[in-house]
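The analysis underlying the following values was restricted to heavy atoms, covering all of them including side chains, and did not include hydrogens, waters or symmetry mates. Each chain gets a letter, A, B and so on, in the order the sequences are listed, and its residues count up from 1.
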2 protein chains.
Amino acid sequence: MAQTDTVTRILDTAEVLFAERGFAETSLRTITSKARVNLAAVNYHFGSKKSLIQAVFSRYLDPFTTRFHRALDELQARYGDEVIPLEVLLETMARSVLEVPAERNSLKVFMRLLGLAYSQAQGHLRRYIQEEYGSVFARFTELVRQATPELPDAERFWRLHFMLGTVIFTLSGLDALRDIAEKDYGEHVTVRDLIRRLRPVVVSAMQAPLPAPPPRE
Amino acid sequence: MAQTDTVTRILDTAEVLFAERGFAETSLRTITSKARVNLAAVNYHFGSKKSLIQAVFSRYLDPFTTRFHRALDELQARYGDEVIPLEVLLETMARSVLEVPAERNSLKVFMRLLGLAYSQAQGHLRRYIQEEYGSVFARFTELVRQATPELPDAERFWRLHFMLGTVIFTLSGLDALRDIAEKDYGEHVTVRDLIRRLRPVVVSAMQAPLPAPPPRE
DNA sequence: TCCGGTTATAAACGACTGTTTCAAACGTAG
DNA sequence: CTACGTTTGAAACAGTCGTTTATAACCGGA
């Protein structure tokens, strides 16, 4: 079937180019010519550039949320009524992320896309992701809440986003950082390597002492 | 003098629009019409859009690096040959960042710009910032090295970038996050508030235990 | 007052953007 | 084999983009 081939060739090419240059900087002509596909094919199969962008995201996020939900199911079955420790939760999330590239392209592309989704103001994208995948995140944060009962709700909210920032920022800007690190420390860094380094940092950050109360004025 | 007025009006308008939408998504026509300035004025005064972007950055980064260098001078004078504690270094950097909006527009814009500089691939910007302001960062990292002698160099490098990610990511995406936080916890969050919350997190993260050695293969 | 260099303006340039059109090719069910 | 819905193809559309050009306005010094 030629149709499916065209569709996946567009998606395969688009995700790489989007990850490399961003959405606005990647034209449909660049995508279609690199994918050796007619220009009109994008609008025919996806309707618009916006929809193409969302389709690129779905192809990563759908497998991820499926896996993540399943992993949380197993975790809750295993722990029953007991509280799942924070380290286990974080570990599970990390593993779910790492498993995505098994069926999709590369973890690097996945992370770059997530980074773009946050940094690019692109209102429609944030809304789309929030609506489509907000429930997994809600489920995860609830489990984190049970694992860190000593944290005030607001504090936990912010710390989770701090850590989200750490991971997405680092992994999505990895290429640039890797160049520097390689030059200065002669060490070639893999993504798995970085995740190994991230683990203790994230755990310590989540368990940091509470901040001093705001100064009275 | 009408010239300077035009120049600053372009810069004032451009920095806000860039921070809101990104560089590619902000056209010169949008900038000039909002600034009530002729379209050709940008190319006349700045030469090109690229140069305008760099000029916007300089107007924030120049005051920041000046202040930061001066603050580090004072710190080294005060501590003499003694090692400056990590908390003090981080505190000093935070204060230098916070002081910038005193002479420029808003901290929010500053942070958004930094976030864009990282996330947008825009090769020329990263190169420009690295060349122009790399020395302050090098000075700071050397002081951090002395403050954390137990950390392997590579580990410290990565952790510093982790924390950079945390701060820039959080503060540059603040508007979106603030909306959620306000809705869920009814708490209006200021930037100073966030920095207060960030402090213990960053310190704990930098002092986290070393990661497990990479698995043998 | 007239000059000369700096700044402002309007208009146009060519290149590129996402999208649409419509005819040609295709693949399959009858 | 024919007819029909799906998919491709080349071309054009209507805009927008950054940049350039040529002309006009400005303004302090001679």
DNA chain D in dot-bracket form (Watson-Crick or G-U pairs under 3.5 Å, [ ] crossing, | inter-strand) is ||||||||||||||||||||||||||||||
Phosphate-side-chain proximity, His45(B) and dT6(C), N/O vs OP1/OP2 below 4.0 Å
no
Does dT7(C) have OP1 or OP2 sitting under 4.0 Å from an N or O in the side chain of Thr6(B)?
no
Rounded to whole angstrom units, what separation is found between the [atom1] atom of [X] and the [atom2] atom of [N]?
X        : N       : atom1 : atom2 : answer
Asn38(B) : dT9(C)  : CG    : P     : 6 Å
Ile53(A) : dG18(C) : CD1   : P     : 9 Å
Asn43(B) : dC13(C) : CG    : C1'   : 13 Å
Leu39(A) : dG9(D)  : CG    : P     : 11 Å
Phe46(A) : dT7(D)  : CZ    : P     : 12 Å
Tyr44(A) : dG5(D)  : OH    : C1'   : 9 Å
Asp5(B)  : dT7(C)  : CG    : P     : 13 Å
Phe23(B) : dG18(D) : CZ    : P     : 13 Å

Mark yes or no for whether Arg29(B), through its side chain, and Leu39(B), through its backbone, hold a donor-acceptor pair below 3.5 Å.
no
Pair Val56(B)-Phe46(B), side-chain contact (heavy atoms from CB on, under 4.5 Å): steps then yes or no:
CA-CA 11 Å; Val56(B) 167; Phe46(B) 297 94; over 6 Å; no
Minimum heavy-atom separation for Ala35(B) to Arg9(B), with atom names?
O-NE, 2.8 Å
In terms of heavy-atom contacts, Thr92(A) and Ala71(A) come closest through CG2-CB, 3.6 Å
Please enumerate all protein N or O atoms sitting under 3.5 Å from an N or O of nucleotides 15-17 of chain D, with distances to 0.1 Å.
unit_1, atom_1, unit_2, atom_2, d
dC17(D), OP1, Ser27(B), OG, 3.2

Side-chain ion pair, Glu155(A) and Arg159(A), N-O less than 4.0 Å
yes
Would you call Glu142(A)-Arg145(A) a salt bridge at under 4.0 Å N-O?
yes
Please work out which of the three classes, parallel, tilted or perpendicular, describes the rings of His161(B) and Phe137(B), given edges at 30° and 60°.
tilted
Going by the angle between their ring planes, with limits at 30° and 60°, are Phe57(A) and Phe23(A) parallel, tilted or perpendicular?
tilted
Dump the intermediate steps for side-chain contact (heavy atoms from CB on, under 4.5 Å) on Leu86(B) and Val144(B), then the final yes or no.
CA-CA 6 Å; Leu86(B) 179 64; Val144(B) 171; 4.2 Å; yes
